[in-house]
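Notes follow the structure.
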Amino acid sequence: VAIATYGATSGQALAGVVLRDLRGETQRLTPVDGSFAFRVLSGATTVRVSKFGYRTLDLPVTVPVAGELELQIELSPMPPAVLEGVVRNQAGNPVVGATVTALGTPLPPAITDRLGYYRLDLPCGGGVVYDLLAVAPESAPDLAYAVQGVGLEDGRVVDLVLPALRADGFESGDFTALPWQRTGQA
């Protein structure tokens with residue numbers, strides 16, 4: 001199968017597109033010119049074409065026994081949305097310098113400002129759900145992290161709360177502080 005991928009709105013070649021034969025799980029990435037050729041078994045199959053920020057396509061194709069099948073595919077960009085909010089501690093105070101990351105995306109994390117505010121510009125639509133990871137800065141070692149799944153349609157405000165770390169005898173390494181009992185046969 002010879003494939004060329006293009007951005008629908010720009011008409012430009014798209015690099016980094018993932019091509020997958022769903023029947024055999026053959027997978028390839030397109031190079032800078034957006035084209036790629038790969039071998040798949042002849043017969044009916046579905047080729048999944050995906051790239052971050054673009055709508056995923058599942059294309060039913062029939063691969064001939066002999067010769068080549070050439071496809072030119074245009075991927076449509078997903079609409080942008082703003083995900084924003086404030087990262088706070090359990091007392092409700094803003095956490096300055098926390099990082100908020102949309103996991104599984106190539107986007108850099110947002111860093112909260114002096115008010116705890118963050119903003120991420122993400123593609124939305126099609127039921128996409130992002131897992132957000134908020135991590136306290138090194139200057140707040142008493143705070144843990146928070147993970148929250150967020151679906152976007154037209155943007156969203158999501159405030160995140162970082163819980164306090166809990167220290168007990170076990171986590172600090174003081175095993176003698178625990179009420180150990182010996183029971184049973186070893």
Side-chain angles (χ1 to χ4, degrees), residues 5-10 12-22 25 27-32 34 46-59 73-173:
T5 55
Y6 299 92
T9 55
S10 69
Q12 299 295 313
L14 290 176
V17 175
V18 177
L19 307 169
R20 181 180 297 161
D21 172 8
L22 296 183
E25 289 296 320
Q27 181 173 309
R28 299 286 187 267
L29 280 175
T30 60
V32 174
T46 300
V47 174
R48 177 167 289 159
V49 184
S50 61
K51 179 175 175 64
F52 178 76
Y54 290 83
R55 297 189 190 281
T56 297
L57 294 176
D58 284 342
L59 302 173
I73 301 167
E74 288 186 350
L75 292 179
S76 299
M78 296 172 74
V82 173
L83 176 63
E84 61 188 340
V86 175
V87 177
R88 300 180 191 282
N89 62 20
Q90 285 182 312
N93 299 318
V95 178
V96 178
T99 58
V100 179
T101 305
L103 298 175
T105 73
L107 301 175
I111 309 295
T112 59
D113 66 13
R114 64 182 182 80
L115 300 175
Y117 174 81
Y118 74 92
R119 175 189 168 123
L120 292 168
D121 296 312
L122 297 164
C124 72
V128 174
V129 175
Y130 295 100
D131 287 326
L132 294 183
L133 170 65
V135 178
E138 288 182 20
S139 61
D142 58 331
L143 294 177
Y145 62 90
V147 178
Q148 182 172 336
V150 176
L152 294 177
E153 289 308 319
D154 296 320
R156 194 141 171 219
V157 174
V158 176
D159 291 340
L160 301 164
V161 177
L162 299 182
L165 284 176
R166 197 184 102 208
D168 57 28
F170 182 76
E171 288 180 4
S172 67

- Going by heavy atoms in the side chains, are L143 and V95 under 4.5 Å from each other? yes
- Item | Audit row: L59, I73, side-chain contact (heavy atoms from CB on, under 4.5 Å) steps and yes/no | CA-CA 9 Å; L59 302 173; I73 301 167; 3.4 Å; yes
- Message: Checking L107 now: which residues fulfil side chain to side chain contact (heavy atoms under 4.5 Å, CB included) with it, not counting sequence neighbours?
- Response: F52, T105, L122
- Which pairs with one or both residues in residues 122-149 pass side chain to side chain donor-acceptor pair (under 3.5 Å), sequence neighbours excluded? none
- Message: When you compare the side chain of P109 with that of V100, does any pair of heavy atoms fall below 4.5 Å?
- Response: no
- Query: Can you check whether R55's main-chain N or O pairs, donor with acceptor, with S76's side chain at less than 3.5 Å?
  - Reply: no
- Task: Answer yes or no: is there a side-chain heavy-atom contact under 4.5 Å between M78 and V128?
- Result: yes
- Quick one: pull up CG in L57 and NZ in K51 and give me the separation to the nearest 0.5 Å. 14.0 Å
- Message: How close do A136 and A98 get, counting heavy atoms only, and between which atoms?
- Response: CA-CB, 4.4 Å
- Note on the structure: Nearest heavy-atom contact between L120 and P108 is CD2-O, 4.1 Å
- Task: For the pair N89 and V161, evaluate side-chain contact (heavy atoms from CB on, under 4.5 Å) and give the outcome as yes or no after the intermediate values.
- Result: CA-CA 5 Å; N89 62 20; V161 177; over 6 Å; no
- For the pair R156 (side chain) and G151 (backbone), establish whether a donor and an acceptor sit closer than 3.5 Å, ignoring hydrogens and angles. yes
- Could you walk me through whether V86 and L115 pass side-chain contact (heavy atoms from CB on, under 4.5 Å), step by step? CA-CA 7 Å; V86 175; L115 300 175; over 6 Å; no
- Note on the structure: Contacts satisfying side chain to side chain donor-acceptor pair (under 3.5 Å) that involve residues 115-126 (not counting sequence neighbours) are E84-Y117, R119-D121
- With side-chain contact (heavy atoms from CB on, under 4.5 Å) as the test, would you mind laying out the steps for V129 and V150 before giving the verdict? CA-CA 5 Å; V129 175; V150 176; 5.8 Å; no
- Heavy-atom side-chain contact between V96 and P137 under 4.5 Å: no
- Message: Just verifying a value: how many Å separate L162 CG and Q90 CD, rounded to the nearest 0.5 Å?
- Response: 9.0 Å
- Task: Could you check if a side-chain atom of D159 sits within less than 4.5 angstrom of a side-chain atom of V87, using non-hydrogen atoms only?
- Result: no
- Message: I'd like to check the salt bridge (Lys or Arg N to Asp or Glu O under 4.0 Å) partners of D58; sequence neighbours left out, ordered by chain and number.
- Response: R48
- Query: Which value, rounded to the nearest 0.5 Å, describes the distance between T101 atom OG1 and L132 atom CG?
  - Reply: 8.5 Å
- For the student: nearest non-hydrogen atoms of S50 and T56, plus distance: CB-OG1, 3.5 Å
- Note on the structure: Contacts of A144 meeting side chain to side chain contact (heavy atoms under 4.5 Å, CB included) (sequence neighbours excluded), chain-then-number -> P163, L165
